[in-house]
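The first residue of the sequence shown is numbered 1, and numbering continues consecutively from there. What you are looking at is a predicted structure, and each value in this text was computed from that prediction instead of being measured.
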Amino acid sequence: MIGKDFSQRARRSHLGALAWALACIPTLALATSPYDSAFDAIMARYQLPGLAVGVIEDGKVTYTRTAGELSAGMGQPVTAETLFQVGSNTKAMTTALLARLVQGGKLHWDDPVVKFLPNLRMYDPWVTRHLLVRDLLVHNSGLREGAGDLMLWPEPNRYTRADIIAGLAYLKPQASFRSEYAYDNILYIVAGEVAAAAGGAPYEELMRREVFEPLALKRCRVGEPNRDETSNVALPHTRANGHNVLIDPSVALTPTMTSAAAGGVSCSLNDMLSWALNWLDPSASQRAWLGQEQRAELWTPRTPMPISPRQRAWDHSHFYAYGFGWRLTDVDNSWSVSHTGTLGGMYSALSLLPDLRSGFVILTNGEGSEVRTVLSEVLLKHFTAPGEGRSVDDYADELARESAAETQPNVAGTASREPVTPTQVPAWLGIWRDPWFGEVALCGRSQKVRFNAAKSPLLAGTVLRVGERLLVNWDNDNVDAEAWLRLAPDKPRAAATLTMSKVDPQADFSFDFEDLSFTRVRGCE
């Protein structure tokens, strides 16, 4: 296509040909890259709204490419300066901030958390006393996977960081302290507040001062943005009826959010590559910014993680562990340090191969879970097993076969559902309270029963009957995990207990309905 277009323009005018050729120099350079076939195949297979990819080889950025739009159908292109929400890739930035404070003598990894947050209480008083700063970062607190995430998502909501710290006292662990891995976000919020207490400034200010500015991450943002300076922002999308559908443009600029220390940073591709180079090939000033002692602390394996059959088959991994904000493993006998980020309609990956001084960044504003898995594997193999030669379609087809073979949860039986009237469930009506989540209302309106969470306004929906069970059908389609309701039948109404659980057990762990236990506090108003 490029050659044909050039020959046609050349016939028209030498001046036009020259202008066109100069404009296309970056595109012509891209055409010679070995990464283009993977990029093109990913875009074709998954029809993403936008994608940005960068590759580092032996300490040098050798490839960047972007495609698609900030918002599907609006015509504004994704560039290497486009801001993407990086989700949990924020965690490594939070641990770097803490490492800076340790290096400056303002805290120690083995300091008790209550030294900085004296009001913090865990469910177990012994854990409260023995919880150290390092324990906040390694996902082995004993809490259920995603515990407390309903205070973070869906956004927007009205929870504060003080609410999170207060709520920890009521989150019952599912395992012993420091005994096993279970991913959490909530303790990273606590870690951000520890940084604020030790550093004498809000988390957002510290992140800008201690991380973004000294590393010249010029486009990275956290906290309330200056909208005059924050244009060129990728908006999150979901996939519906074969189209990319905008989720919520109001969340794209990453306002001050409760979950900032766990997943609130936005950065451009260029800045994420600069962030990666700081770890792969640090300059003298970057080594002064964070010395080798603290760099080693961040990349020391802390909590063993399970290795999936796919990881063994694809990467031949022998160990897998969590450090301070990083995942550590071996891929084809090469050391790998990485993390991913997932928010509604935003996916990111940062993968480093330190011994090779190489790595890559992937950012997309579409439904990109499989995209991230497939493209990460193709790019990894370019470095660790170039002879394998597997394509995007090879990996994507294998994921599709895995998905088809998985035992599907028994959710098909919910198709037969009908609204419940207030007169059918009088014992369920009222204002109910959970000690960490707060109040919800189960009240009649227009001959239906409505569920409304006081501090999480997107958790609002209609109660439906499915056989002998009740579920909540959420009004907002972006809240994609319906919930069963259960009323303890063997107690009088005044002492009844209302509990919830995911209709689809495989739904995102952040919908931690299973940790809720409500008691009725008053009637409907």
Side-chain angles (χ1 to χ4, degrees), residues 23-27 29-30 35 39 42-43 46-56 61 63-90 93 155-156 204 207-208 211-213 215-239 243-257 260 263-278 340-350 360-368 371-372 375:
C24 288
I25 284 174
T27 303
L30 285 171
Y35 304 111
F39 190 103
I42 279 286
M43 286 296 291
Y46 294 101
Q47 299 180 337
L48 297 167
L51 177 65
V53 176
V55 180
I56 297 168
V61 176
Y63 179 87
T64 61
R65 187 172 171 189
T66 62
E69 300 173 286
L70 307 181
S71 178
M74 298 303 292
Q76 297 169 289
V78 171
T79 73
E81 291 296 315
T82 295
L83 283 184
F84 287 81
Q85 292 176 297
V86 302
S88 285
N89 270 302
T90 299
M93 296 181 175
E155 290 182 316
E204 289 81 3
M207 181 59 69
R208 289 188 286 267
V211 179
F212 297 166
E213 291 175 8
L215 294 181
L217 305 180
K218 297 177 182 178
R219 289 277 291 162
C220 288
R221 297 289 187 273
V222 66
E224 192 65 39
N226 181 334
R227 291 176 181 267
D228 293 334
E229 298 177 356
T230 313
S231 59
N232 193 7
V233 179
L235 304 183
H237 296 74
T238 189
R239 193 83 181 156
H243 300 282
N244 292 308
V245 179
L246 191 63
I247 292 178
D248 182 0
S250 68
V251 304
L253 292 179
T254 317
T256 300
M257 55 198 295
V265 167
S266 292
C267 288
S268 69
L269 175 63
N270 283 342
D271 278 337
M272 288 300 288
L273 288 168
S274 295
W275 170 245
L277 281 169
N278 162 72
T340 57
T342 303
L343 290 169
M346 288 280 184
Y347 290 79
S348 68
L350 173 60
F360 56 84
V361 174
I362 300 169
L363 303 168
T364 182
N365 60 338
E367 285 299 321
V371 170
R372 183 175 60 197
L375 187 53

_Heavy-atom donor-acceptor pair, Glu69 side chain to Gly75 backbone, under 3.5 Å_ = yes
_Quick check against the 3.5 Å criterion: does Ser274 have a side-chain atom that pairs as donor or acceptor with the backbone of Asn270?_
yes
*Heavy-atom donor-acceptor pair, Arg239 side chain to Gly366 backbone, under 3.5 Å*: no
*Side-chain contact, heavy-atom cut-off 4.5 Å: Trp275 with Val361?*
no
*Give, for atom CG of Asp271 and atom OG of Ser266, the distance between the pair rounded to the nearest 0.5 Å.*
11.5 Å
_Thr364: side chain to side chain contact (heavy atoms under 4.5 Å, CB included) partners, not counting sequence neighbours_ = Leu48, Leu51, Tyr347
*asked:* For Gln47 and Asn244, which I'm curious about, is there any donor-acceptor pair between the side chains at under 3.5 Å?
replied: no
*Spacing of CD belonging to Gln85 relative to CE belonging to Met257, to within rounding of 0.5 Å*: 6.5 Å
*Check: Thr66 and Leu269 side chains under 4.5 Å, non-hydrogen atoms*: yes
_Closest heavy-atom pair and its distance - Ser348, Asn89_ = OG-ND2, 2.8 Å
*Which pair of non-hydrogen atoms, one from Ala260 and one from Glu204, has the smallest distance, and what is that distance?*
CB-OE2, 3.7 Å
*How long is the gap from NZ on Lys218 to SG on Cys267, to the nearest 0.5 Å?*
14.0 Å
_Euclidean distance, Glu213 CD relative to Cys220 SG, rounded to 0.5 Å_ = 11.5 Å
*Say you draw a straight line from CE of Met272 to CZ of Arg219; how long is it, rounded to the nearest 0.5 Å?*
14.0 Å
*Specify the closest pair of heavy atoms between Ala234 and Met346, including all atoms of both residues, with the distance to one decimal.*
O-CE, 2.8 Å
*Can you tell me how far the CG atom of Leu235 sits from the CG atom of Leu83, to the nearest 0.5 Å?*
11.0 Å
*Side-chain contact, heavy-atom cut-off 4.5 Å: His237 with Ser71?*
yes
*Does the side chain of Val265 come within less than 4.5 Å of Phe212's, by heavy atoms?*
yes
*Which atom pair, heavy atoms only, marks the closest approach of Arg372 to Thr342?*
NH1-OG1, 3.0 Å
*asked:* Within the supplied structure, the quantity of interest is the number of heavy atoms (other residues, nucleotides, ligands) at a distance under 6.0 Å from Gln76 CD; does it exceed 12?
replied: no
_Residues Phe360, Tyr35; criterion side chain to side chain contact (heavy atoms under 4.5 Å, CB included); working and verdict_ = CA-CA 11 Å; Phe360 56 84; Tyr35 304 111; over 6 Å; no
*Quick one: closest heavy-atom pair of Leu343 and Gly263, and the distance?*
CD1-O, 3.6 Å
_Heavy-atom closest pair, residues Val233 and Leu70_ = O-CB, 3.5 Å
